[in-house]
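Predicted, not measured: the structure shown is a model, and the values here were computed from it.
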Amino acid sequence: MTMRRFFATWWPTLTVVCVILYATLNDNPIGADELPIFPGADKLIHAIMFGGLFAAITFDRYRDGRGMALKSLLITAGICVVCGALDEVCQSLLTAAREGDPLDFLADCGGIIIAFFAAPPAIRAVLKNKGRH
């Protein structure tokens with residue numbers, strides 16, 4: 001696979017990875033400390049980020065002709081869970097203002113589980129409708 005094809009195929013996943021790294025490893029991403037957010041919003045954000053990671057990888061694999069077999073979905077979910085765990089470890093080791101939180105990791109896993117069931121039918125529907133236009 002050429003670099004051009006790689007980036008053309010995997011740009012959604014790469015974008016989500018960059019957003020996750022920025023949001024979780026930056027001491028104060030986009031002035032987040034000043035935002036008036038409801039209690040527990042950080043857990044919802046973690047679930048959305050890692051559910052989005054699962055969905056982006058699944059979307060890119062499907063567009064690349066690799067399908068969405070149960071085995072590949074389980075492997076993708078496992079990779080996302082490992083990424084969530086590593087993200088929490090990195091927050092503890094690489095940032096001054098943040099620390100790893102097991103509840104953030106559980107929120108990551110919750111988002112991955114939701115995306116595991118929601119993303120494949122949504123991806124099929126979106127790409128099926130795209131082909132009709």
Output for pair (Asp87 CG, Phe105 CZ), nearest 0.5 Å, gives 10.5 Å
When every non-hydrogen atom of Gln91 is compared with those of Thr24, the smallest separation belongs to CG-O, 3.2 Å
So Arg61 and Trp10, do their side chains get closer than 4.5 Å, heavy atoms only? yes
Q.
Could you check whether any side-chain heavy atom of Asp108 comes within less than 4.5 Å of a side-chain heavy atom of Val81, counting everything from C-beta outward?
A. no
In terms of heavy-atom contacts, Phe116 and Phe54 come closest through CA-CE2, 3.4 Å
Closest non-hydrogen atoms of Gly51 and Ala115, given as atom of the first, atom of the second and distance, are O-CB, 3.3 Å
In this structure, NE2 of His46 is separated from CD1 of Ile20 (nearest 0.5 Å) by 9.5 Å
When every non-hydrogen atom of Pro120 is compared with those of Leu73, the smallest separation belongs to CG-CD1, 3.9 Å
Nearest heavy-atom approach of Phe50 to Cys80 is CD2-O, 3.9 Å
Separation between CD1 (Ile57) and OG (Ser72), nearest 0.5 Å, reads 11.0 Å
For Glu99 and Glu88, the nearest pair of non-hydrogen atoms, with its separation, is O-OE1, 4.3 Å
For Ser92 and Gly100, indicate whether the former's side chain and the latter's backbone hold a donor-acceptor pair under 3.5 Å.
-> yes
